[in-house]
Amino acid sequence: MAGGLDLLRTADAVRSFLETVSDAPFLALDTETTGLDPHADRLLLLQIGTATAQALVDAQAAGPDVVRVILEATEAKGRVVVLHHAKFDLKMLASFAPEADLSRLPVMDTMLSEQALLNGRKAHLLGAGFGLAALAERYAGMGLDKTVREGFVAAPNVDALGEVELRYAARDVEATYKVFAAQVPLLADEGLTRIAAIEGAASWAFAAMEHAGMPVDAVAWGSIVDQADREKALARKVLDVEFKEVIGFDLFGYGNLNYDSDQEVIDALGRLGVKLDSTRREVLESTGHPAAIALVGYREHQKIISTYGRRFLEHIHPRTGRIHSSFKPIGAITGRASSSEPNLQNIPASSRFRSCFKAPPGKKIIAADYSGAELRILAEMSSDPVFMRTFIEGGDLHAIVASRIFDTPVSKTERPELRARAKAINFGLAYGMGAGGLAAQIGVATAEAEQLLEAYFRAFPAIRGYLDRTAHEALRKGFCTTLAGRKHWFADLVSSGADEGARVRVAKNMPIQGTNADMIKLAMARIARALAEEKLDGRLINMIHDELVIEAGEGDVERVTAIVKREMISAGAAFVRRIPVEVDVHVGDVWQH
DNA sequence: ATCTGTGGCGCG
DNA sequence: AAAGCGCGCCACAGAT
């Protein structure tokens, strides 16, 4: 239908069209919808094609069969389907064709590919941004007028669309195709083909996860907030007494000090003789002053009320009754995903919060997390013999490290305080922590922390050698890489004024944190695929960096659990090849470890 | 009345 | 009172 702007209204017509482009190495796909909410808005158009021929499909007329036709066309030819910001279209398609197995669609995503290509070197871009219009301009010299989109929101059906809207819809497919065609050699040159494939494959898992949402017990959650309200009021009374000498009171007996204002708090504490230039918790606690201690308690209640208060519950969707967070698959420069509106990756770890996420009747919640992922990755990368042996034979790494550094037997019961120090070093060193930081972390003098670090690296020279080598090499090359080949360039850090120390710490940490992200994304893609293939009642509902949360039907929970564990381990083993990857699983009625 | 940057803090 | 990394959300403060 090149040139023309006819609408295809049946799945058969789409099949015929796809036969005319069967020589194309890949297909581009896009949708136009009446809005952004897959649980409320509708699919209007589905556009598919190449750089030279695009079909516009009246989605409502053609019906969900059109998705099956597309799946068949890609599978027969072994072709990928390219989308820009696939997660959005896939969510819309999931509502449109609930019976279709979208995990079978071999997706590549031009937006995620671009983010992988520019990770850490965005600053040099003139037309910055990852929107399709920006990419079309950069790669194909095509101008796209995104304001046309408003026409779709107002349209009751495709017949209400004008020539302008249809032409725009076709150009989006043309642009997506051309952008990807231009990205393919760039991805190959940078060694990012594998990463782009993982991101594309995981985009359905992210889409399905957002679409499913998290089940939350609003009543139970509300009672936590109610309790925090009461405790905050009590804490305020205590604070008013502590500060009574230096503040005023209103007619109702309330102190006029705003305990949420750092400035006012610092001033008031100063008048009590406590001189501070920060109100961070450690600082307040270190003073030992009862007013400062009381502030710490007040802040805990205030944190619950503000960040995890009733506004959190406003994210419950009116139609599904669940919380549909928004995930950015590449949300961090390390390659980690991030979550927002609401952030489901920083729910307080205590069971009183987590147990509010309850499985509906007949379902269970599976929580599966990589055990000690970052230290295993460090062991893999450094080939440290003690780390490797400990993970291979199974043993308490923190205790073994402590025994070596302190030259005395340590276990969870024997000298546990030394084990705790070793644990702090183990985690801190991978991020480039210095003696000062370690001293603060474990509460010793800086000189003592220096000796500890020295003892640590004497005992594990391979760790120091690896970290120094990888940082040095990264700074020389201008980028660092994960085990799967994900790259992070330092250009943006440099232009933002980060000193060499900061860049060294990123160079040490990003490969570790980012490899963990590579692993779990590959696992997510494979899990979504396997669960669909086995027709099991199981779906991803959350991911928290090294943990996956799955909702499963009671009858399938054992098979789902086995698949989740198997795929997480095998995905980890794709990159961590010489160290066993372990996954801890917990099954229950609520989200818990 | 909004916008932006900062400090603080929840998570891994 | 941050020279341990990565996020997002909140309230405040100073700006427009």
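Chain naming here is simple, since letters A, B, ... match the order of the sequence lines and numbering starts at 1 in each. Worth knowing before you read on, the calculation uses all heavy atoms, side chains too, and leaves out hydrogens, waters and symmetry mates.
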All N/O contacts under 3.5 Å from nucleotides 13-16 of chain C to the protein, with atom names and distances to one decimal?
from, atom 1, to, atom 2, distance (Å)
dA13(C), OP1, Ser261(A), OG, 2.5

Does the Arg336(A) side chain pair with the main chain of Ile333(A), one donor and one acceptor, at a distance under 3.5 Å?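 No.
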Can you tell me how far apart CD1 (Ile330(A)) and CE (Met111(A)) are? Round to the nearest 0.5 Å.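 Between atom CD1 of Ile330(A) and atom CE of Met111(A) there are 8.0 Å.
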Ile512(A) has an atom CD1; how far is it from atom P of dG4(C), in whole Å?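 About 16 Å, once rounded to whole Å.
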So, OP1 or OP2 of dG6(C): does either fall under 4.0 Å of a side-chain N or O from Ser338(A)?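 Looking at the OP1 and OP2 atoms of dG6(C), neither is under 4.0 Å from any side-chain N or O of Ser338(A).
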Separation of the P atoms in dA2(C) and dT6(B), to the nearest angstrom: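 Going atom to atom, P in each nucleotide, I get 13 Å.
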Pairwise P distance for dG4(C) and dT4(B), with rounding to whole Å: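 Each nucleotide's P atom is 31 Å from the other's.
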Select base, sugar-phosphate, or nothing to describe what Ile333(A) touches, counting heavy atoms under 4.0 Å on all strands.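 It contacts sugar-phosphate atoms only.
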Ignoring hydrogens and angles, write down the donor-acceptor pairs under 3.5 Å from the side chains of residues 367-375 of chain A, residues two or more places apart or on other chains.
from, atom 1, to, atom 2, distance (Å)
Tyr370(A), OH, Met568(A), O, 2.6
Glu374(A), OE1, Tyr431(A), OH, 2.7

Sorted by first residue and then second, give each side chain to side chain donor-acceptor pair (under 3.5 Å) pair with at least one member in residues 281-290 of chain A; sequence neighbours left out.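 Side chain to side chain donor-acceptor pair (under 3.5 Å) check on residues 281-290 of chain A returns Arg280(A)-Glu282(A).
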Near-strand residues of residues 284-311 of chain A, defined as heavy-atom separation under 4.0 angstrom from DNA chain C: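 Contacting residues: Ser286(A), Gln302(A), Lys303(A), Ser306(A), Thr307(A), Arg311(A).
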Can you list, by residue number, the residues of residues 515-526 of chain A that have a non-hydrogen atom closer than 4.0 angstrom to DNA chain C?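 The stretch gives none, as no residue of it lies under 4.0 Å from the strand.
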According to the Watson-Crick and G-U wobble definition with distances under 3.5 Å, which dot-bracket string, read 5' to 3', encodes DNA chain C, using [ ] for crossing pairs and | for pairs with another strand? ....||||||||||||
